Amino acid sequence: VDGCSRLELRVFVKDIEMETDATPDVNTIELTGYICKPTTYRVTPFGREITDMLVAVNRAYNKSDYIPVICWGRNARFAKGLEVGDRIAATGRIQSRDYEKKLESGDVMKRTAYEVSISSISKVEQ
């Protein structure tokens with residue numbers, strides 16, 4: 001808007017909990033959902049391990065939200081072994097990050113990714 005970027009995020013929640021004895025972390029999200037496409041594992045030029053995933057989170061009336069998720073390091077190594085249909089529970093934060101995409105023409109385009117960066121992840125037995 002007017003030359004500025006803006007992210008509007010709408011989240012449907014089941015429960016809201018307020019921590020009264022601790023400072024709340026204002027950017028924490030918990031997801032339980034299903035891996036809905038094959039995970040993508042890679043290593044950055046700086047040697048950091050990353051796994052990208054798309055997680056389907058079900059909601060009422062046979063609807064689902066598809067959440068892009070990124071795991072780093074130890075979590076990336078764990079997540080690369082997940083398969084389509086696996087149910088996961090994950091905690092993380094919503095983030096945006098800039099990256100460069102090399103196009104087929106050889107040109108480089110700057111883009112922004114909006115995703116959930118995972119701090120803990122586990123497979124949930126169904």
Side-chain angles (χ1 to χ4, degrees):
V1 177
D2 298 325
C4 297
S5 296
R6 184 178 110 179
L7 171 65
E8 183 175 313
L9 182 65
R10 295 173 190 222
V11 180
F12 298 94
V13 298
K14 181 179 175 186
D15 295 311
I16 297 176
E17 297 177 12
M18 296 297 294
E19 297 179 24
T20 57
D21 58 343
T23 304
D25 185 349
V26 295
N27 187 3
T28 298
I29 185 168
E30 294 180 8
L31 300 172
T32 301
Y34 298 87
I35 304 297
C36 60
K37 70 179 226 181
T39 61
T40 304
Y41 173 83
R42 65 186 188 284
V43 178
T44 69
F46 297 110
R48 294 194 66 194
E49 297 171 282
I50 302 173
T51 297
D52 291 302
M53 301 184 298
L54 192 61
V55 178
V57 178
N58 295 334
R59 58 179 160 118
Y61 309 109
N62 295 321
K63 302 277 184 182
S64 295
D65 296 303
Y66 299 91
I67 312 293
V69 171
I70 190 165
C71 298
W72 299 88
R74 166 180 81 217
N75 288 329
R77 287 189 298 277
F78 172 80
K80 75 178 179 180
L82 296 171
E83 297 181 4
V84 172
D86 285 344
R87 186 170 188 221
I88 64 159
T91 302
R93 64 185 175 84
I94 299 169
Q95 73 173 21
S96 65
R97 63 182 171 90
D98 295 327
Y99 67 98
E100 293 181 349
K101 170 90 174 173
K102 190 171 187 177
L103 305 175
E104 289 181 14
S105 65
D107 294 333
V108 176
M109 176 182 277
K110 289 189 177 191
R111 292 188 175 176
T112 302
Y114 300 96
E115 62 210 357
V116 174
S117 180
I118 296 299
S119 56
S120 68
I121 184 171
S122 62
K123 185 175 175 182
V124 177
E125 295 305 321
Q126 299 179 33

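Note that the structure is predicted; figures quoted are calculated from it, not measured.
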Which heavy atom of I118 sits nearest to which heavy atom of A90, and what is that distance?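 That closest heavy-atom pairing would be CD1-CB, 3.5 Å.
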
Report all side-chain donor-acceptor pairs from residues 99-111 shorter than 3.5 Å, counting only partners two or more places apart or in another chain.
from : atom 1 : to   : atom 2 : distance (Å)
S105 : OG     : D107 : N      : 3.4
S105 : OG     : D107 : OD2    : 3.2

Pairs of donor and acceptor atoms involving the side chains of residues 71-88, under 3.5 Å and at least two apart or interchain, shall be tabulated with distances.
from : atom 1 : to   : atom 2 : distance (Å)
N75  : ND2    : S119 : O      : 3.2
R77  : NH1    : E49  : OE1    : 2.2
D86  : OD2    : E83  : N      : 2.7

Determine whether I29 and T91 satisfy the following criterion, side chain to side chain contact (heavy atoms under 4.5 Å, CB included), listing intermediate values before the conclusion. CA-CA 6 Å; I29 185 168; T91 302; over 6 Å; no

How long is the gap from OG1 on T40 to CD1 on I50, to the nearest 0.5 Å?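 T40 OG1 to I50 CD1: 11.0 Å, rounded to 0.5 Å.
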
Interatomic spacing from CG in N58 to OG in S64 - rounded to 0.5 Å: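 Going from CG on N58 over to OG on S64, the span is 4.0 Å.
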
Single-linkage hydrophobic cluster, 4.5 Å side-chain cutoff, I121 and I70 together: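 No, because I121 and I70 fall into different hydrophobic clusters, even though each may have its own neighbours under 4.5 Å.
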
Taking ILVMFWY side chains as joined if any heavy atoms are under 4.5 angstrom apart, and letting links pass through other members, which residues group with V43?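 Hydrophobic cluster check, V43: joined to Y41.
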
Running the 4.5 Å side-chain criterion over Ile, Leu, Val, Met, Phe, Trp and Tyr, what cluster does V124 land in, apart from itself?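 Other cluster members: none.
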
Please examine the side chains of L31 and V69, heavy atoms only from C-beta on, and report whether any two atoms are closer than 4.5 Å.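 Yes, close enough: below the 4.5 Å cut-off.
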
P68 side chain reached by Y114 side chain, heavy atoms, under 4.5 Å: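 No, side chains not in contact.
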
Pairs involving residues 27-46, ordered by first then second residue, that meet salt bridge (charged side-chain N to carboxylate O under 4.0 Å, His left out) (sequence neighbours left out):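 For residues 27-46, and leaving out neighbouring residues, the salt bridge (charged side-chain N to carboxylate O under 4.0 Å, His left out) pairs sorted by first residue read R42-D52.
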
Which residues share a salt bridge (charged side-chain N to carboxylate O under 4.0 Å, His left out) with R97, sequence neighbours left out: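 Residues passing salt bridge (charged side-chain N to carboxylate O under 4.0 Å, His left out) with R97: E115.
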
List the steps, then state whether side chain to side chain contact (heavy atoms under 4.5 Å, CB included) holds for I67 with M53. CA-CA 8 Å; I67 312 293; M53 301 184 298; over 6 Å; no

